[in-house]
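Reviewing the structure listed below.
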Amino acid sequence: MSVYQRVVDWIDLRLGVRDILEQNLTHYLLPRNINVWYTLGAVLLTLFGIQFITGILLLVYYVPDTGQAFDSVQQIMNEIPFGWLIRYLHVVGSNLIVIALLLHMLSVLFMAAYKTPRELTWVSGFLLLNLTLGLCLTGYLLPWSQLSFWATTVATDAAGAVPVIGDDIVRFLRGGAMVNEATLGRFFALHVMGMPLLFGLLVGVHLFCVRRAGISRPPFGDGYVPRGPRYTFEHEHHYGGIPFFPNYAVKDAAVISFFLVLLAAIVFFWPTLFMPPAGFEPADPFTTPEHIKPEWYFLWAYQTLRIFPDKFLGLAVQVAAMTFLALLPFIDRSRERRPARRPLFLICFVAGIGVFVALSIWGHYA
Amino acid sequence: MAKQVIVLILASVLFAPWSALAAESSCVECHRPQPGALGDPVGQWEGSIHQRHGINCSSCHGGDPTIMSMEAMSLEKGFLGVPAEDDIPSFCGSCHAGVMEDYLLSAHGQALGAGGPHCVTCHGNHAVELASLDIINRDLCTRCHEYGQADEMKSAMAKVDDKISSLQEETRRLRKLGFATEKIKNSIFSVRNQFHQLFHTVNVETVRSQTEEFSQELEKIDQQVAAMHQEVKNRKLLGGGVVVVLGAICILLVLLRKTYKDEEERVHPPGPPSMRP
């Protein structure tokens, strides 16, 4: 008996790992018509793993002090071996994560996988999306560049539209009247500790919900029929389905590789795709750079604030849209999941994407 | 609009004392509507390099632009008015001290007051632009003397001037890629400043020997820039390898998945999925 075999046997005797692996890998059956969109969860886990590792490596040299932050990032980029690679992986990776998250959310919406009994999966996923955007926002300030400073000034200023307590919220977010040392301190704490802790917890809840309820069957094909109402908990089994490992795990790995190709291509050949020149100039509170714009995924919100005559109205519309999305499983109660039989939903789905893209393009060129 | 409002609010809160100084001055307010030589300078100054860098009327002519009356031009307020021709070098030299020194030592400076050229002869006054070698040209120089020597100096300096411009451009490009170019930028700036001193010596021998020194200095800077360009190439080479390897892995996994799918369809031919027994 080999040493490896003996070690596995020793662990298995105490923890029953073989049983766990069988239940979750080889004996874990997925619907036979499962499609490529179901791989996005694994893609996101991988990309978040890269963010976690590169984030820790950046922390080794980053100094969260307004007088030293920019120089420390410059040091990472120019003096630390492969520091540029680690930073660009972190920057580009965060943008790819938002893309993958949006695709993940859209696929869940299109296939109506948010419906009963998966409301909690949807809500936890929606919270994860918002938390990710929060991580992006707080991380944006840390390099203390012109881009960081002014984008954060504009972003935090939006909270001022809230009636009565708006100014107090802005002061609370910034730790003062304007973006300063205190802002950097609280954003740093949130970015590297507060939000990641909450994020890890929510990922756990999300994965538990996914595993506990079972993978939803794609609502396509002749054999699909909507499930009837349920009054007791029932795990969705897929008898006669394909095993997660190795059959579907291979597909997961293929799509992950595709995203890694995308990540590497941007990092090595177009590293500044998501970083305008103002991102390489130190923050200067006395000089406002021209054409300062939020990141592409906040452009829709930025433009919404601009098109309404009253900022509060713009903010209220954003909050209403986000609340509607968060509570969608509780609003859309029908059991039908097939897109072709949900014309109203399809119109809203396409229109929603259209509005998001149009507002973003408008915001970019405005 | 929202951004502009934010910037306006921030600016009014943060930079109140400065914004007061930068407000529309009495010089511009009173002189703009006036005809001829009294009003023309306003339009000429607007868009000039002085205006772009915040150099206002009072920076050169003195006076107090915050007073909206003739008192703004009183001697008590330091008003200097229009300088006499012989005073022009010291007028401009109050800021461009080094250039004034070089000019006064040159043949041009030595001829000041005896028909020799002064700052305004070559650079103009209110519509002043960033100085370049183009100022040395046949039309301008032949107003006073032959163009031969001037042309020789211009040719000698053009190579260095072009190199400085191209290095500045390269540095800007590298900066946008995240390279720390501050030291290089400062080195170029230092050479550029020393080089610009040559412009006013109007001495062929000095120009010839010093342009050679500057070329050597720039060659050293060029090597540092070339090293950064090499780094960019190396990164792309490494990236190419990584992308190819990851792409190959992706294709292999897709093929492997296809193999599994073929096997799945052999075991369970396509049709309605089996339901719970």
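Just so it is clear, the structure is predicted and the values come from calculations on it, not from any experiment. Side chains included, hydrogens not; waters and symmetry mates left out as well; all remaining heavy atoms used. Every chain is numbered from 1, with letters handed out A, B, ... down the list of sequences.
- Only the side chain of N78(A) comes within less than 4.5 Å of a heavy atom in chain B; its backbone stays farther off.
- No side-chain heavy atom of L174(B) sits under 4.5 Å from any side-chain heavy atom of F280(A).
- With a 4.5 Å cut-off on non-hydrogen atoms, F259(A) does not touch chain B at all.
- Separation of atoms CE (M77(A)) and CZ (F179(B)) is listed at 8.0 Å; rounding is to 0.5 Å.
- When all heavy atoms are compared, the tightest approach of A264(A) to L246(B) is CB-CD1, 4.1 Å.
- Among all heavy-atom pairs drawn from L253(B) and S257(A), the shortest one is CD1-OG, 3.4 Å.
- For R173(B), the CZ atom counts as loosely surrounded, since its 6.0 Å shell holds 12 or fewer non-hydrogen atoms of other residues, nucleotides or ligands.
- Counting heavy-atom pairs closer than 4.5 Å to chain A, the top residue among V232(B), I249(B), V245(B), L256(B) is L256(B).
- In plain terms, the two heavy atoms of P271(A) and L177(B) that are nearest each other are CG-CD2, 4.4 Å.
- By the 6.0 Å contact criterion, CZ on F269(A) is enclosed, its count of non-hydrogen atoms from other residues, nucleotides or ligands being greater than 12.
- Looking only at side-chain heavy atoms (C-beta outward), R175(B) and E281(A) come within less than 4.5 Å of each other.
- Between chain B and the residues G221(A), G160(A), A254(A), the largest count of heavy-atom pairs under 4.5 Å involves A254(A).
- Using a 4.5 Å cut-off on side-chain heavy atoms (C-beta onward), T272(A) and K176(B) make no contact.
- Considering only heavy atoms from C-beta on, W84(A) comes within 4.5 Å of R235(B) through its side chain.
- Heavy-atom distances place both the backbone and the side chain of V254(B) under 4.5 Å from chain A.
- Neither the backbone nor the side chain of E265(B) comes within contact range of chain A; no heavy atoms are under 4.5 Å apart.
- Residues R32(A) and E264(B) form no side-chain contact, since every pair of their non-hydrogen atoms from C-beta on lies 4.5 Å or further apart.
- To the nearest 0.5 Å, the span separating NE2 on H268(B) from CD1 on I242(A) amounts to 10.5 Å.
- The NZ atom of K261(B) lies 10.0 Å from the CG atom of N247(A); values are rounded to the nearest 0.5 Å.
- Proximity to chain B involves both the backbone and the side chain of P246(A), based on heavy atoms less than 4.5 angstrom apart.
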